[in-house]
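Data first, discussion second: the structure below is written as structure tokens.
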Amino acid sequence: MSEEVKESLNFIEQIIENDLETKDNITIHTRFPPEPNGFLHIGHVKAICINFETAKKYGGKTNLRFDDTNPITEKTLYVDNIKNDIKWLGYDWEDREYYASDYFQQLYDFAVDLIKKGLAYVDDSTPEQIAEMKGTPTKPGVDSPHRNRSIEENMRLFEGMKNGEFADGSMVLRAKVDMKHPNMLMRDPNIYRIKKAHHHRTGDDWCIYPLYDFAHGQSDSIENITYSLCSLEFRHHRDFYNWLIEKLEIFPSRQIEFARMNVAYMITSKRRLLKLVENNTVTGWDDPRMPTIAGMRRRGYPAAALRTFVNKVGVAKRENVIEIDLLESCVRDELNKTTARVMGVLDPLKLVITNYPEGQVEQMDATNNPEDESMGTRTIPFSRELYIEQDDFMEDAPKKFYRLGPGKTVRLKNGYIITCEDFVKDENGKVTEVHCKYYPDSRSGSDNSGIKAKGVLHWVSIAQAVEVEVRNYNHLFTVDQPLADEEKDFLELINPESLVVKTAFVEPSLQSAKAGERFQFMRKGYYCLDADSTDDKLIFNKTVGMKSSWKKKK
RNA sequence: UGACCCAUGGUGUAAUGGUAACACUACGGUUUUUGGUACCGUCAUUCUAGGUUCGAGUCCUAGUGGGUCAACCA
């Protein structure tokens, strides 16, 4: 019986397990290092999950560290939202909430150390000159004329930079590595720049700020991060990351790069997402069409589904585009287990049960979730006049159409079996009313009719139904990779039907729904109550539709 | 005319030199008072060419294809 399910490790776990076997006193400490200049999106979800889950798996810890070294673009507003999103995703950094800006003094001291070792110099060449001297990937760079300043002069100048004696952009501090290095990032990278700007945390304490390459790795070391997991594009930075560990003689964090996750029909460019918000293509960062955590949350995606998704996607080093079906499959799977079934009609068609007593209302029993008995039952009013879905009736129904049509028999879910006897059309030929007879002994739960009905329809009783707004969402873009075509601006590829608003009718039990609460509208999809709802007007966001093996066959 | 990373079904990830596995999708089928769920089945000569080996998806070499790198962004 004892199955040995050998669990396969991703390449990061292999590295860790190898370290665990070959080295002593290994601790696992990771970090998630967002820059607070935008909202977290689906791409960050992968980074968050990998960092937190990997540490958890090996009994380690994960720090949250805001990489806030650029005072121009960073805001406290983003810090708060990022923290909220990570918590919602289900991860806890406990008391380890850090900021790169906490280390500004230490970073400054590191820079001084480098200068004193003759490994850094102040360059007052113009940005253009610096770029020019860097060469190109195929052409070696040349040394700056300021490369060999004395240590004393470098100290004096750097201190001057710090004290605000020089204008923004007039000079930078550069590491002295190798202008002919095949890796462009090793050609004396800039490590400090002058920016007389207000910082969201340190205020006006500093007017020089470290650049990424002189902040991220050092912060990792300061926090004793053992595995610094980042995306592939930082591969080239690793050389400098390691160079600094060696020269500064600091804690040797190890950077490991993995491929970022791309999801079809989604974009993860902060700049472009910001544009969608600013030009009102969407209603905000939390618009349910946005690939942001806030957007997906509002749309109704459960955090657990997002975690499962990342887990199923896996970790490797090759470029990838994940089909959105996998995400939706994870969402449906989670929602199927956790969500109450209710009935709501999105495109109403009046159905009259001609042999049902006028004015009579029966309370029908309904199971809330067949997957989970503990979710209990409720009652739904049934009467002579109901709404059914327009596409559940067809005048000329094909043989495999298990729904209503002249002479066809179906079961009304949690109700009775009915047979269609007649229907009414308006002057345009549109069906406006369907007339059926019902079989009194076919009531759900006590069916003695012996009648078999293949099709099952959802419905609401017109008199008791609640009119609500339904917001149906589709892919934000018309193509799966909106950024692939460099000729086309991504804004031209916005799906005009990404939001379709409808008036729908739902069963009265929904009246007591709470904002954020999720439901399965039987046969239609999963919906959650939007926070925009008021007592007078409920608004439901479509999270994802049901899977269907019918529609495309027609 | 460089350096680095990558290459397994439609998609993503496994296989850690011993006859290609799992998930999603698609397509069939069973069950079903949701055309949902659940369950079953079908869908790959591992980019190419050499080499090492008894044996290569896995190691080596070359080629091809894709990605990354020249912000005082991260």
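Chain A is the first sequence line, chain B the second, and so forth, proteins listed ahead of strands; every chain is numbered from 1. Please read all numbers here as calculations on a predicted model, not as lab measurements.
Geometric assessment of A:R254 against the ring of A:Y227 yields a negative cation-pi assignment under the 6.0 Å and 45° thresholds.
When the options A:Y103, A:F104, A:Y192, A:F214 are evaluated for a ring pair (Phe, Tyr, Trp, His ring centres under 6.0 Å) with A:Y209, the one that passes is A:F104.
Using a 4.0 Å cut-off between a side-chain N of Lys or Arg and a carboxylate O of Asp or Glu, A:D447 and A:R411 qualify as a salt bridge. Classification of A:E362 and A:R443 as a salt-bridged pair holds, one side-chain N sitting under 4.0 Å from a carboxylate O.
Rounded to a whole Å, the OH atom of A:Y209 is 23 Å from the P atom of B:rA71. Atom CG in A:L229 sits about 20 Å away from atom P in B:rA74, given to the nearest Å. Atom NZ in A:K312 sits roughly 8 Å away from atom C1' in B:rC24 (whole-Å rounding). For the pair A:W459 CH2 and B:rU34 P, the computed distance is 15 Å after rounding to whole Å. Atom CZ in A:R193 sits roughly 4 Å away from atom P in B:rA74 (whole-Å rounding). The separation between A:L457 atom CG and B:rU34 atom P is 12 Å, rounded to whole Å. For the pair A:K452 NZ and B:rU33 P, the computed distance is 11 Å after rounding to whole Å.
Aromatic pair A:F309/A:Y301: centroids not less than 6.0 angstrom apart.
Aromatic ring pairs are classed by plane angle as parallel below 30°, tilted from 30° to 60° and perpendicular above 60°; the pair A:F382 and A:Y356 is perpendicular.
The aromatic ring of A:Y212 does not sit over the base of B:rA74, since the test of centres under 5.5 Å and planes under 30° is not met.
Taking 4.0 angstrom as the limit, A:R187 places none of its side-chain polar atoms (N or O) nearer than this to OP1 or OP2 of B:rC69.
Checked against B:rU33, B:rU34, B:rG12, the side chain of A:M546 finds its nearest nucleotide in B:rU34. For A:Q14, taking side-chain heavy atoms from C-beta onward, the closest of the listed nucleotides B:rU37, B:rU16, B:rU25 is B:rU16.
To the nearest 0.5 angstrom, A:K176 atom NZ is 9.0 Å from A:D143 atom CG. In this structure, the separation between CZ on A:F158 and OH on A:Y121 is 14.5 Å, given to the nearest 0.5 Å. Atom NE2 of A:H458 sits about 11.5 Å away from atom CD1 of A:I380, to the nearest 0.5 Å.
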Please produce a list of atom pairs where a protein N or O lies less than 3.5 Å from an N or O of nucleotides 60-65 of chain B.
none

Any N/O pairs under 3.5 Å between the protein and nucleotides 4-8 of chain B? List them or say none.
unit_1	atom_1	unit_2	atom_2	d
B:rC4	O2'	A:R235	NE	3.3
B:rU8	OP2	A:R318	NH1	2.9
B:rU8	O4	A:R318	NH2	3.4

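Each of A:R341 and A:V313 has a nearest nucleotide on RNA chain B; the 5'-most of these lies closest to A:V313.
Evaluation of atom-type donor-acceptor distances gives no pair under 3.5 Å for the side chain of A:R523 against the base of B:rU34. A donor-acceptor contact under 3.5 Å is not formed by the side chain of A:Q520 with the base of B:rG36.
In this structure, A:F214 reaches neither bases nor backbone, as no heavy-atom distance under 4.0 Å exists between it and the strands shown.
Using a 4.0 Å cutoff on non-hydrogen atoms, the parts of residues 32-49 of chain A near RNA chain B are A:E35, ordered by number.
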